[in-house]
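Below: the structure, in structure tokens.
Quick caveat: nothing in here was measured; it's all calculated off a predicted structure. Just so we're on the same page: letters track the sequence lines, and every chain starts at 1.
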2 protein chains.
Amino acid sequence: MANRAGVSIKTVSRVVNRQSNVSEATRKAVMEAVDALSYRPNVFARGLASERSFLIGLLYDNPSLSYAAALQIGVLARCREEGYHMIVESLDAQSPNLGSQVHSLVTESTLHGVILTPPLCDMPAAIDALNRARTPFVRIAPEKPLANSSDVRIDDHKAAYDMTAYLIGLGHKRIGFIKGHPDHGAANARFEGYRAALAHAGLPLIEELCVQGFFSYLSGMEAGERLLSLKKRPTAIFASNDDMAAAVLAASQRFNLKIPQQLSVAGFDDSFVAQVVWPRLTTCRQPIKEMAEAAVSMLIQKTAEDGPMERRLDHELIVRESTAPPTS
Amino acid sequence: MANRAGVSIKTVSRVVNRQSNVSEATRKAVMEAVDALSYRPNVFARGLASERSFLIGLLYDNPSLSYAAALQIGVLARCREEGYHMIVESLDAQSPNLGSQVHSLVTESTLHGVILTPPLCDMPAAIDALNRARTPFVRIAPEKPLANSSDVRIDDHKAAYDMTAYLIGLGHKRIGFIKGHPDHGAANARFEGYRAALAHAGLPLIEELCVQGFFSYLSGMEAGERLLSLKKRPTAIFASNDDMAAAVLAASQRFNLKIPQQLSVAGFDDSFVAQVVWPRLTTCRQPIKEMAEAAVSMLIQKTAEDGPMERRLDHELIVRESTAPPTS
DNA sequence: TTGTACGCGTTATCAA
DNA sequence: TTGATAACGCGTACAA
């Protein structure tokens, strides 16, 4: 114990926890001892004795690794600043016992808070379990706001609207759309944004130009091939994420289409692949790291019962080489 | 407590920990109660009372997100099977107080074991700290074996040798090589493998064809541009990982080079990008997920003091569309 | 095969 | 402002 090295007994606790009621003199003495012995309060003892576990749970079931990885960077950064740790779990959103899995998880570890990523954030079973365990959570990019629940998101509707409007502004009239995974709220919002932009420009929504994808590269490939096999193919394709857009790029190679001369391709997320494929993707940047940081901050501040908060961050249209005016 | 619901008191502990000395009858009774009350032993109480924390730490400082992400999938899978949890921390390998950071981390959390990824696995400060805290650890793809330390790896030397030999077999004689980050042991092993294959084929090692990269896309881009600007440019380029190989693909676009007709490109890892770029990359598959699983298994088995183990997994040459015989 | 007492390192409560 | 003491929920050692 540092108390021996210092002067007092478990006033150490007060110092470590930055409580008041400590004289500057003893505080200093304790801090020195802490440094000298490189003392660190044991996480388990803390967790056991108090409510505070200093553990943030990141729960995900996401086909896109890059999305989850980017999220983690933000979570880790904030955790480090605040002396928290991140524990990550992958769950199957479709599992019938998702609820009990989540419940086990949080009661087992008495997590300080949980970050729910899509599509988990829209699973009633998960949310119920969290509420039951009285564990604070914040949802990332959920389908719709929920009473008594915090979330952080971008305006997916507007983002997709902006992208579509940009393509229309380029002169495109036949714009294909590859939808995202139907379980993800953001996917639907993006499709609605696309529709709204078409409508606003007086362009018809053409059924055969809207095909279902699932955010995965493979699904993007299939969707892309279907769109490019059309008798009247689109002059531009807007995919709901970058992985699928990259797949469209690959598919267009098979059809011997020059990008962007014969086909414009746009993605969403501005993930790593967007900058790695050739031509680089025009896309919509989602500030994933910042979203993660905001989520952690909300969880930590939540010590006081402030009620649910919502935080909406800005997206950004990133124009690169995969889009251009149609040639015809 | 489930004991009330069941019959006995803390025989629950025995059942939960799968100890012997429990009659089938009581075991069943307890299990039912456990299910009924959805009881979960508290991680903190366990960690405090025993040595076992059921927490595996994954420590990384890796420029490549995809590598870390792939690793996590494997770790998570094994953890789930064994009832462990994964806590991940990102560290700065260059930080002067890396040692104390690692030390804090493990003493704070009494981690059951730690997985050290490159380049952390070759940092004496980190290893010392772990030894000091008497925390078991296994190193992924370290530079060289260490006394008293477990590791899991592939044979990077042979893998690079195989790839180089494949390119030579195709007829290439001027094969550029983009090195990986010098802090990563695997990077050096790969370069040596490349050299050995050249030597074995009686081909000279041409200085200007070997350029330094750092595993990042950007560094691959710069290295690629340098190689392609050469008066006598190589007919093939072998990059130490896929991110850099993808960058070479992009760079070759600027030079108006057709892949693979005018330039063959090979990568390493078989990461997501390898299949997403066009043409898809010929690469060397590293079973990252399996390596991670093996690492966790070693950590968990290590309950008994078996001494250090080494595990070497197989690599696999994956030939795709980015390589072909030279045209000249 | 099962139960009892004790302690793990910290925080919380209440006195001093 | 500080210090004693009792939890926190479990595992371990030993007794029954």
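Here the C1' atom of nucleotide D:dC8 and the CD atom of A:Glu108 are 17 Å apart, to the nearest Å. When rounded to the nearest whole Å, the span between CZ of A:Phe54 and P of C:dT10 equals 12 Å. We find that CZ of B:Arg14 is positioned 8 Å from P of C:dT2, with the value rounded to whole Å. Taking atom CZ on A:Arg40 and atom P on C:dT10, their separation rounds to 12 Å, with Å as the unit. The CZ-C1' distance, from B:Arg27 to C:dT2, rounds to 14 Å in whole Å. The separation between A:Arg46 atom CZ and C:dT11 atom C1' is 10 Å, rounded to whole Å.
Considering only side-chain atoms of B:Leu48, the nucleotide from C:dT11, C:dC8, D:dC8 that sits closest is C:dC8. Across C:dG9, D:dG11, D:dG9, the shortest atom-to-atom separation from the side chain of B:Ala45 is found for D:dG9.
Distances shown here put every side-chain N or O of B:Asn42 at or beyond 4.0 Å from the OP1 or OP2 atom of D:dC8. At C:dT2, one or more side-chain N or O atoms of B:Thr26 fall inside 4.0 Å of OP1 or OP2 (strictly under the cut-off). At the phosphate of C:dT11, OP1 or OP2 sits under 4.0 Å from a side-chain N or O atom of A:Ser13. The phosphate of D:dG11 has neither OP1 nor OP2 within less than 4.0 Å of any side-chain N or O from B:Gln19. Between B:Ser23 and C:dT2 there is a side-chain polar atom (N or O) within less than 4.0 angstrom of OP1 or OP2.
Aromatic pair B:Phe215/B:His181: centroids not less than 6.0 angstrom apart.
Between A:Arg78 and A:Glu82, at least one side-chain nitrogen of the basic residue sits less than 4.0 Å from a carboxylate oxygen of the acidic one, meeting the salt-bridge criterion. At a threshold of 4.0 Å, the pair B:Asp122-B:Lys144 does not count as salt-bridged, since none of the basic side-chain nitrogens sits closer than that to a carboxylate oxygen.
B:Asp151 contributes no side-chain N or O that, together with a main-chain N or O of B:Pro142, makes up a donor-acceptor pair within less than 3.5 Å.
At most 12 heavy atoms of other shown residues, nucleotides or ligands fall within 6.0 angstrom of atom CZ in A:Arg312.
Applying the side chain to side chain donor-acceptor pair (under 3.5 Å) criterion to B:Asn131, with sequence neighbours excluded, gives no partner residue. In terms of the ring pair (Phe, Tyr, Trp, His ring centres under 6.0 Å) criterion, residue partners of B:Phe54 (sequence neighbours excluded) are, by chain and number, B:Tyr84.
Helix-axis bend for the helix from C:dT1-D:dA16 to C:dA16-D:dT1: the local axis fitted to the five terminal pairs at one end deviates from that at the other end by 30°, rounded to 10°.
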